Amino acid sequence: LNAKTAAYDFVVGPDDGSTTVIHDAVMGSRIRRTVFNEDIVGAEMVATIIDLENGRILILNEAIMEARYMDLEGVPSIQNYLENLKNTLLILEDIPDFTVEDLGRKQLNGREVVGFFASHPKVDLTIWADVDTGLPVRVEQNEGQVYMTFKNIEFDLPMEEDLFSMEVPAGYTVHEPMTLDLQAGTEANFIEGLRLMAESSNGGFFPDSVSLDDFMKSLPDFIKQEASMNLPKEEAEARSKKITEYILFIRFFRGEGEWTYRGRGVQLGEAGTPIFWYRPEKSETYRVIYGDLHVENVYPEDLPE
């Protein structure tokens, strides 16, 4: 694979048409990301250029001609995203913990593809590749409790380098830069996000689900609700940061095994009702969060039914 560019769509959760489609165009270590969802007004007018090598993002809102830089912390430098992707696919069979199963051939969107299922204790991958070229056209990734589908994958498409420029175009208003720490998905930030969701977005009740795919499905309604609050810009940005950190806890879950959520129908303040529990790495006990958001250490035999 000597491709200089690539493009694909991806969705968080099952590819059933119910969630937001994200489109990535890739050149070297840079990604130009756009979101397509008819329920999110103006979403397609916002372009995000991600510079993985330098850990920086440029957000361009073309509709209102505004720009903002975001510095990424807690992410390794990746000098070439395409090389990283290629190497990841090529070394699967050389990793002892991976087992690879041949899924045979089938028709996918009018083309013949061959499939492979690669299983690992931490992630399962289903890869469908074009029979003639051998290049992947669809990848389904199940990592813990996060399911993602990458589809319509194409390589070596003609792309203008200007699309990946980290320079703000002329005429844009540039706002103060922000910082996003990908390690900020802590238990404390998750709890603060639960509080925020219950107090302001769900009438005092915790959300029905905290899974990443369910959050993405509810994102259009959440954005509309946030906009209807007409908060001052600084307050709105602070809330957005807290919600991002809340989601990071689930997206980059670092506990052992799976987490459990039972907050649906529970009202903030119900001190005797456990709503979430998980096992931290190398811990003999679980962390159990209750409806008033206090936390207790609980041995496995004492967990809720």
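Only a predicted model underlies this, so the values are computations on that prediction, with no experimental measurement involved.
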Practice prompt. State which residues pass side chain to side chain donor-acceptor pair (under 3.5 Å) with K241; sequence neighbours excluded, sorted by chain then number.
Written response: E245
Worksheet entry | Residue K106 excluded, over 12 heavy atoms near NZ under 6.0 Å | yes
Discussion item. Starting from Y299 and following side-chain heavy-atom contacts under 4.5 Å between hydrophobic residues (I, L, V, M, F, W, Y), which residues can be reached?
Written reply: none
Worksheet item: Heavy-atom distance under 4.5 Å between the side chains of P280 and R287, does that happen here?
Response: yes
Fill in: Minimum heavy-atom distance between G13 and D213, given as atom pair plus value
CA-CB, 3.5 Å
Worksheet item: Any donor and acceptor pair, going by atom type alone, linking the side chain of R279 with main-chain N or O of S283 inside 3.5 Å?
Response: yes
Worksheet entry | For the student: nearest non-hydrogen atoms of L58 and A67, plus distance | CD1-CB, 4.3 Å
Distance-only criterion, 3.5 Å: show the donor-acceptor pairs between side-chain atoms of residues 166-180 and protein atoms not counting sequence neighbours.
residue, atom, partner, partner atom, Å
H175, NE2, E66, OE1, 3.2
H175, NE2, K233, NZ, 3.3

Worksheet item: Would you call L303 and W277 a side-chain contact if the rule is heavy atoms closer than 4.5 Å?
Response: yes
Discussion item. Is there a side-chain contact (heavy atoms from CB on, under 4.5 Å) between Q183 and R254? Walk through the geometry before answering.
Written reply: CA-CA 10 Å; Q183 304 296 320; R254 297 179 181 87; 3.0 Å; yes
Worksheet item: Are L268 and Y246 connected in the hydrophobic side-chain network, where two residues link if heavy atoms are under 4.5 Å apart?
Response: yes
Discussion item. A side-chain contact here means heavy atoms from C-beta on lying under 4.5 Å apart; do P207 and Y261 qualify?
Written reply: yes
Item to complete: State whether the side chain of S240 and the backbone N or O of A236 hold a donor-acceptor pair below 3.5 Å, judged by distance alone.
Response: no
Item to complete: Determine whether M65 and I57 fall in the same hydrophobic cluster, where Ile, Leu, Val, Met, Phe, Trp and Tyr are linked whenever their side-chain heavy atoms lie under 4.5 Å apart.
Response: no
Fill in: S29 vs F164 side-chain heavy atoms within contact, under 4.5 Å
no
Worksheet item: Hey, quick one: are M27 and Y81 part of the same hydrophobic cluster, counting side-chain heavy atoms closer than 4.5 Å, chains of contacts allowed?
Response: no
Worksheet item: For the rings on F249 and Y278, is their centre-to-centre separation under 6.0 Å?
Response: yes
Worksheet item: For the ring pair F190 and F276, is the centre-to-centre distance below 6.0 Å?
Response: yes
Worksheet entry | I49 CD1 to Y69 OH distance, which is reported to the nearest 0.5 Å | 9.0 Å
Worksheet entry | Side-chain (E256) to main-chain (K282) donor-acceptor, under 3.5 angstrom | yes
Discussion item. Surrounding CD of E161 (heavy atoms of other residues, nucleotides or ligands, distance under 6.0 Å), is the total greater than 12?
Written reply: no
Discussion item. Going by side chain to side chain contact (heavy atoms under 4.5 Å, CB included), name the residues that satisfy it together with L82, two or more places apart in sequence or in a different chain.
Written reply: A6, V26, N80
Worksheet item: Run the side-chain contact (heavy atoms from CB on, under 4.5 Å) check on I50 and L52 step by step: do they pass?
Response: CA-CA 6 Å; I50 306 168; L52 292 171; 3.9 Å; yes
Discussion item. Would the distance check show the side chain of E270 and the main-chain N or O of Q267 forming a donor-acceptor pair, the cut-off being under 3.5 Å?
Written reply: yes
Worksheet item: Tell me the ring-ring contact (aromatic ring centres under 6.0 Å, His included) pairs involving residues 100-145, sequence neighbours left out?
Response: F98-H120
Fill in: Sidechain-backbone polar pair: N189 side chain, A184 backbone, donor-acceptor under 3.5 Å
yes
Worksheet item: How many angstroms lie between CD1 in I243 and CE in M197, if you round to the nearest 0.5 Å?
Response: 5.0 Å
Worksheet entry | Interatomic distance, R33 atom CZ to I22 atom CD1 [nearest 0.5 angstrom] | 6.0 Å
Worksheet item: Taking everything shown except R264 itself, do over 12 heavy atoms lie less than 6.0 Å from its CZ?
Response: no
Fill in: Sub-4.5 Å side-chain heavy-atom contact between V12 and F215
no
Fill in: Closest contact, heavy atoms only, A129 versus G134
CB-O, 3.7 Å
Practice prompt. For residues S119 and D124, report the shortest heavy-atom separation together with the two atoms involved.
Written response: OG-OD1, 3.0 Å
Worksheet item: Quick one: CZ on R262 to CD1 on I289, what's the gap to the nearest 0.5 Å?
Response: 14.0 Å
Practice prompt. Check the pair V210 / Q145 against side-chain contact (heavy atoms from CB on, under 4.5 Å), numbers first and verdict last.
Written response: CA-CA 11 Å; V210 296; Q145 287 161 278; over 6 Å; no
When the side chains of residues 146-153 are checked against the rest of the protein, which donor-acceptor pairs come out under 3.5 Å, sequence neighbours left out?
residue, atom, partner, partner atom, Å
Y147, OH, E140, OE1, 3.2
K151, NZ, D15, OD1, 3.0
K151, NZ, D15, OD2, 3.4
N152, ND2, D9, OD2, 2.9

Worksheet item: Rounded to the nearest 0.5 Å, how far apart are CD1 of I275 and CG of L293?
Response: 5.5 Å
Worksheet entry | Shortest non-hydrogen contact between G74 and L182, atoms and distance | O-CB, 4.2 Å
Fill in: Over all atoms of both residues, closest heavy-atom pair of L212 and I250
N-CG2, 4.1 Å
Item to complete: To the nearest 0.5 Å, tell me how far Y8 OH sits from I31 CD1.
Response: 4.5 Å
Item to complete: Compare all side-chain heavy atoms of V113 with those of V137 and state whether any distance is below 4.5 angstrom.
Response: yes
Discussion item. Between Y290 and L194, is there shared hydrophobic-cluster membership here, with clusters defined by ILVMFWY side-chain heavy atoms closer than 4.5 Å?
Written reply: no
Discussion item. Is there a continuous path of hydrophobic side-chain contacts, each under 4.5 Å between heavy atoms, that joins M216 to I247?
Written reply: yes
Worksheet entry | Chi angles and distances behind the side-chain contact (heavy atoms from CB on, under 4.5 Å) call for E296, D302 | CA-CA 11 Å; E296 295 181 6; D302 297 324; over 6 Å; no
Worksheet item: Given side chains that start at C-beta, do those of E53 and R30 come closer than 4.5 Å, heavy atoms only?
Response: no
